[in-house]
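Atoms within a ligand are numbered from 1 in the order they appear, just like the ligands themselves. This structure is a prediction, so every number in the text was calculated from the model and none was measured.
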Amino acid sequence: MTRGRYANIIIDISHEKVDRTFQYKIPEALAGILEEGMCVQVPFGKGDHLRQGYVVAVTDHAEFPEEKLKQVAGIVTGSLPVEADSIRLAAWMKRTYGSTMIVALRTVLPVKQSMKPKEKKKLTRLLNAEETRSVLAECVRKHQSAKARVLEELVSEPELPYELVTGKLNVSPAALRSLESQGVIRIESESYYRNPVKLEAEKENGRVLNEEQAKVRQKVLSDFDEGKRKTYLIHGITGSGKTEVYLSLIEGMIKRKKQCIVLIPEIALTYQTLLRFYKRFGDRVSVMNSTLSAGEKFDQCERAKKGELDVIIGPRSALFVPFPNLGMIVIDEEHESSYKSETMPRYHARETAEYLAGLKNASLVLGSATPSLEAYYRASEGKYELFTLNHRPTGGSLASVSVIDLRRELKEGNRSIFSRRLQELMEERLDKKEQTMLFLNRRGYAGFVSCRACGYVMKCPHCDVSLSQHMGGRMVCHYCGYETRQPKTCPECTSPYILGFKAGTEQIEQQLRLRFPGIRVLRMDGDTTRKKDSYEKILAAFSSGEADVLVGTQMIVKGHDFPNVTLVGVLAADMSLNDSDYRAGERTFQLLTQAAGRAGRGQRPGEVLIQTYRPEHYSILRSASQDYRAFYEEEILYRGLGGYPPVVHMVAILITSPHEKRGEALAAGIANLIREEEITLIGPAKASIGKINDIYRFVLYCKSAEYKILTGIKDKVEEYVNGLGPKEESIQFDFDPMNSF
Ligand code: ADP
Ligand code: ZN
Ligand code: ZN
């Protein structure tokens, strides 16, 4: 319930006018009832005709003299246009994650402006083949060679694309107009939808589901038919047929005249994935993602609204495609951190999908081989319904995993980054012409440079991070792009022993070439995938056997099956355990499990070697034994003891400022405000990266078992900051953050 005397209303949400609001008085009868996101009727324009509008804010601040404001006529209930749901969703996101209503609206409206339909011109002959031939003969006689060229084609083809004629046949528009006025041809244009899916494939039927799969299908669809709407979590090992289940569920939804949204991580939106959906559902499948042009996005939304699409596939933003009859949302690889937005509103696709499913009366299906702690926790509390897929329908077992203690390697005199066992196994693979993947479990991709004499670390002058060493003596800041050359001597103590800490993928590639002369290596990291398509190209090259080894960061462990890969080496598994946030253990477990899933996808069994300095850590032990359940039990205990999500909720408040002192003062002010509440407050403190691009960063964390208490804190902080007037400081909220600041 929001108190306030005025309502800011948008009348036209057709795209570009979203920012334009009109203020109305709230009549006594609606005071305290009217809230953001509601659809209302208001008098509009000269004749005061009633029009539909949406409340984007309720406020006590009048923008015009009171007597000039008109009054809201009433609330619209009953069946509302598709857009009404988008507005309600935006209002919910604003309340739940913190942002302005306008920014939230921009997030949920996938199209920013309406686009003209695309037109295709064609020419049609108006004469029959015989008559055309005689006109052609006449043109040849008169040496009208351009006209002759097009007529020659038209004899056999009654219709030709306009571009072909003006392009390849090189016939001028004037010549065509002349033919048109002679009554020989007609030039027409027809509009069509831009379709980003450019595939052609035979339709394929689904497989016969095995018992585990069939159980999911049966339950989800019968719940649906009984009017029950739930969230389901499918926990299934890689290759257990989760995607096959989604396809089968979608088929069931289509039979019920319902539409589906399928979210997959951006990086998994590949040709193969799309093809699989296309083979089942043909042209009624489309995609939505950031690489689409504005026109393509607009047209996909139009197709969705008109019911011409059954399925849309895409990353988190595909949630906002406006389907009038949404029946189901699927979130594959539900644990992926890319489902959380990194900009305001910092929404999580899982929670947002839950809210949206509620609005649309749809079901929600989550799937993962390594479910997020959030999802599994809710399943264990009975809020989600859990299904487990333990078998691979195609046969084939999971790879065998062993752990290598790197401390022992060192003790026994092996200083290489490759353990002796790994070297042996790689040698074997080279002999047998099988492939190996080497995975560096690390988010950055190169080492830092430090002085061995005084310990000085080379840092970016604009950001509070160390510079990363690249080939050719360059040092680069991965946050702002600052670049400099590596000094010959230490800037602090002039010692010449200023060296790189070699652990990046480039260095691994170098070491490989030294250890195995003639080895063919492909490398995949932030450096080699900067160009468009390079990601796909590297994977395709590796897949076609152009290299013996693929070295890379975590991007190589996602998706993609390489049947010839029989060995996966994780070089330093605990690197991701050193991340200073509470999700480090979970992230490590997920990455290692995924990496292990890459080995032995073909006929031959796979082997996985996990090298680590902390072989006793439960994330490493449990991923080696491939026991999610055991990992979960330990991890959830730790979350409970430490007071972390999902056991409690948490909000990070990030304060940024170009002035260190002012940022600090604002953070202190906010902290004082929060101390009045009875909740756990951590901070304020400098963020772990205290400065990026010369902007200082401070952070506060609040914890509470009740999410509502935290949104209350957010409202209070927003009000306080707004009350201070315009400032250079800005604040952001991040609920149940994926990464620490
Ligand atoms: P996941 O999404 O869990 O990794 P997929 O759905 O991609 O698993 O299935 C893995 C492989 O098994 C695919 O090649 C798929 O075609 C095949 N598959 C899935 N379900 C069945 C089934 N019921 N019968 C035969 N093959 C199946
Ligand atoms: Zn030094
Ligand atoms: Zn920098």
* To do: May I ask you to identify, for Val208, whether its side chain, its backbone, both or neither come under 4.0 Å of ligand 1 on a heavy-atom basis?
  => backbone
* N/O separation below 3.5 Å, Arg207 to ligand 1 -> yes
* Asked: Hey, is Gly239 one of the residues with a heavy atom under 4.0 angstrom from ligand 1?
  -> yes
* Structure fact -> For Ser240, the atoms of ligand 1 under 4.0 Å from one of its heavy atoms are 3 (O), 8 (O)
* Taking both backbone and side chain into account, is any N, O or S atom of Cys477 nearer than 2.8 Å to the Zn ion (ligand 3)? -> yes
* Partner of Val311 by side-chain contact (heavy atoms from CB on, under 4.5 Å), out of Phe281, Tyr246, Phe323, Tyr278 -> Phe281
* Asked: Do the numbers put Arg229 on top of the ring of Phe224, so that NZ or CZ is under 6.0 Å from the six-membered ring centre and no more than 45° off the axis?
  -> yes
* Asked: Of all the atoms in ligand 1, which lie at a distance below 4.0 Å from a heavy atom belonging to Thr394?
  -> 12 (O), 17 (C)
* Could you tell me whether Arg276 approaches ligand 1 through its side chain, its backbone, both or neither, with non-hydrogen atoms closer than 4.0 Å? => side chain
* Asked: Taking both backbone and side-chain atoms of Gln213, is any N or O found less than 3.5 Å from an N or O belonging to ligand 1?
  -> yes
* Structure fact -> So the atoms of ligand 1 within less than 4.0 Å of a heavy atom of Lys242 turn out to be 1 (P), 2 (O), 3 (O), 6 (O), 8 (O)
* **Working for ring-ring contact (aromatic ring centres under 6.0 Å, His included), residues Tyr232 and Tyr384** => CA-CA 5 Å; Tyr232 306 88; Tyr384 294 173; 9.4 Å; no
* Asked: Taking N or O atoms only and a 3.5 Å limit, does Gly241 qualify as a polar contact for ligand 1?
  -> yes
* Close side-chain approach of Arg429 and Thr566, heavy atoms under 4.5 Å -> yes
* Any Lys/Arg nitrogen of Lys219 or Glu385 sitting under 4.0 Å from an Asp/Glu carboxylate oxygen of the other? -> yes
* Do Thr238 and Arg392 get their side chains close enough for a donor-acceptor pair, meaning under 3.5 Å? -> yes
* For ligand 1, is any non-hydrogen atom under 4.0 Å from Asn210's backbone (N, CA, C, O), its side chain (CB onward), both, or neither? -> backbone
* Can Asp310 and Lys258 be counted as an ion pair, charged N to O under 4.0 angstrom? -> no
* Please assess Glu244 against Leu209 for the test side-chain contact (heavy atoms from CB on, under 4.5 Å), listing each intermediate value before the final yes or no. => CA-CA 8 Å; Glu244 201 61 37; Leu209 298 185; 4.0 Å; yes
